[in-house]
Amino acid sequence: MPDTAFPLTRVTTVASLQSAVAGFREDGARIAFVPTMGALHEGHLALVRHAKTRADKVVVSIFVNPLQFAPTEDLDRYPRNEAGDIALLQSVGCDLVYLPTVDVLYPQGFVSRIEMKGPALGLETDFRPQFFSGVATVVMKLFNQVRPDLAVFGEKDFQQLAVVRAMVRDFDLGIDIVGYPTMREADGLALSSRNAYLSPEQRAAAPKLHAALEAIRSVVLAGGDAEVAIATAKADLTAAGFGQIDYIALRDAETLGEVRAGKPRRLLAALWLGKTRLIDNIAV
Ligand code: PAF
């Protein structure tokens with residue numbers, strides 16, 4: 001049961017974060033970390049609950065990372081609800097929340113970037129070229145500040161999970177990266193902070209994305225042609241009112257490159273509904 005009798009400890013500076021984590025370490029605690037951009041929903045809480053089952057102490061960061069937004073993207077519009085987020089974190093027994101400002105993470109003179117190839121190529125990068133450099137840079141910083149034993153990421157951002165795994169492997173960070181299955185509404189829509197932007201009509205149409213991915217999977221598993229099934233799904237989604245389809249692609253689940261015989265596959269999609277960009281993915 002979450003311990004709600006004690007207030008959740010909040011820290012905003014690297015020194016106070018590291019002092020709190022050192023206190024956990026002195027007690028011999030195994031530490032799990034869940035990085036977030038706030039606007040927490042049940043999907044994030046599931047990550048924290050899972051982290052609690054894998055470690056003694058759970059640290060959550062809330063930081064809307066400007067490096068992963070393009071100038072044209074929704075950085076200023078990104079939902080923020082610090083008080084609500086803290087109450088939710090307390091309700092699931094989070095031990096420490098780290099709330100750095102932009103100046104704390106990127107002080108004046110900060111000039112470094114992590115640039116990756118491999119799973120960072122294609123898909124999201126074709127449409128958001130700066131995205132994984134921004135994600136990898138902030139995750140590397142947060143990992144170095146928190147120094148957790150393990151970190152939990154949602155499979156909803158499947159390419160991000162693959163990028164973080166590759167970074168941890170390549171830089172010998174020694175952090176166990178745990179992927180947690182996507183949480184969905186009863187109608188199949190993947191939980192996302194951006195769902196808050198959908199109008200009632202768009203919200204009613206949104207689950208068709210997951211249904212379309214399921215339909216493609218059925219065709220592929222029955223031995224049908226993936227490209228034909230994807231083309232059919234794209235036409236159905238357009239007819240259902242979706243806007244630009246950035247991609248729907250069947251990829252190798254580990255490398256996110258071309259599918260390999262006998263290896264797990266992942267079907268990934270990103271598309272627009274009005275001014276909101278939705279992403280989703282499923283195992284095939
Ligand atoms: O998935 C997210 O919320 C963000 O990309 C992350 C991992 C917190 C980095 O800013």
Side-chain angles (χ1 to χ4, degrees), residues 14 17 32-48 50-51 58-70 73-82 84-86 88-89 94 96-106 110 112-116 119-120 123-125 127-146 148 150-168 171 173 175-183 190-197 256 268 270 276-281:
V14 182
L17 167 74
F33 176 48
V34 183
T36 80
M37 296 208 300
L40 302 181
H41 51 64
E42 198 46 48
H44 298 106
L45 301 185
L47 304 184
V48 178
H50 185 66
V58 178
V59 179
V60 173
S61 62
I62 297 179
F63 178 66
V64 182
N65 174 32
L67 287 194
Q68 67 193 74
F69 289 77
E73 288 179 345
D74 55 358
L75 174 63
D76 293 335
R77 205 177 145 231
Y78 197 83
R80 288 168 172 82
N81 179 10
E82 194 176 298
D85 288 346
I86 288 172
L88 287 174
L89 289 175
C94 168
L96 180 67
V97 60
Y98 178 38
L99 301 146
T101 59
V102 173
D103 289 344
V104 166
L105 274 198
Y106 306 124
F110 184 87
S112 303
R113 292 284 184 283
I114 303 277
E115 297 287 349
M116 294 179 61
L123 302 171
E124 285 300 295
T125 300
F127 299 90
R128 309 175 73 195
Q130 78 301 326
F131 181 66
F132 286 120
S133 173
V135 168
T137 302
V138 79
V139 171
M140 177 67 101
K141 283 222 49 147
L142 292 167
F143 280 175
N144 282 326
Q145 293 177 350
V146 178
L150 67 110
V152 185
F153 288 80
E155 287 185 347
K156 157 107 189 327
D157 295 288
F158 197 80
Q159 191 175 9
Q160 168 172 279
L161 174 60
V163 165
V164 171
R165 281 193 203 287
M167 181 180 82
V168 166
F171 288 99
L173 297 185
I175 299 168
D176 186 11
I177 301 301
V178 178
Y180 192 79
T182 304
M183 299 285 289
L191 298 193
S192 164
S193 307
R194 290 190 168 95
N195 293 348
Y197 301 150
L256 296 186
L268 304 102
T276 304
R277 188 169 185 271
L278 300 178
I279 62 169
D280 202 351
N281 67 86

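Atoms within each ligand, like the ligands themselves, are counted from 1 in listed order.
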- Item | T36: numbered ligand 1 atoms lying under 4.0 Å from its heavy atoms |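 Reading through ligand 1 atom by atom, the close ones are 8 (C).
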
- Query: Considering only heavy atoms of V138, which atoms of ligand 1 have at least one such atom less than 4.0 Å away?
  - Reply: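 Taking each heavy atom of V138 in turn, ligand 1 has 9 (C), 10 (O) under 4.0 Å.
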
Using modelled atom types only, decide if a donor and an acceptor are shared between the side chain of [X] and the backbone of [Y] within a distance under 3.5 Å.
| X | Y | result |
| --- | --- | --- |
| Q159 | P119 | yes |
| Y197 | R77 | yes |
| K156 | A190 | no |

- Query: What protein heavy atom sits nearest atom 1 (O) of ligand 1, and how far away is it?
  - Reply: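 The protein heavy atom lying closest is Q160 NE2, 2.8 Å.
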
- Can you tell me which residue and heavy atom of the protein come closest to atom 3 (O) of ligand 1, and the distance to 0.1 Å?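 Looking only at protein heavy atoms, the one closest to atom 3 (O) of ligand 1 is M37 CG, 3.6 Å.
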
- Output every pair passing side chain to side chain donor-acceptor pair (under 3.5 Å) with a member in residues 39-48, not counting sequence neighbours, ordered by first then second residue.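 Pairs touching residues 39-48 that pass the test: E42-R49.
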
- Could you point out which residue of T137, N65, T101 forms a side-chain hydrogen bond (donor to acceptor under 3.5 Å, both in side chains) with Y106?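 Only one option passes, and that is N65.
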
- Message: Please report whether ligand 1 has a polar contact with Q68, defined as an N or O pair separated by less than 3.5 Å (distance criterion only).
- Response: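 By distance alone, the answer is yes.
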
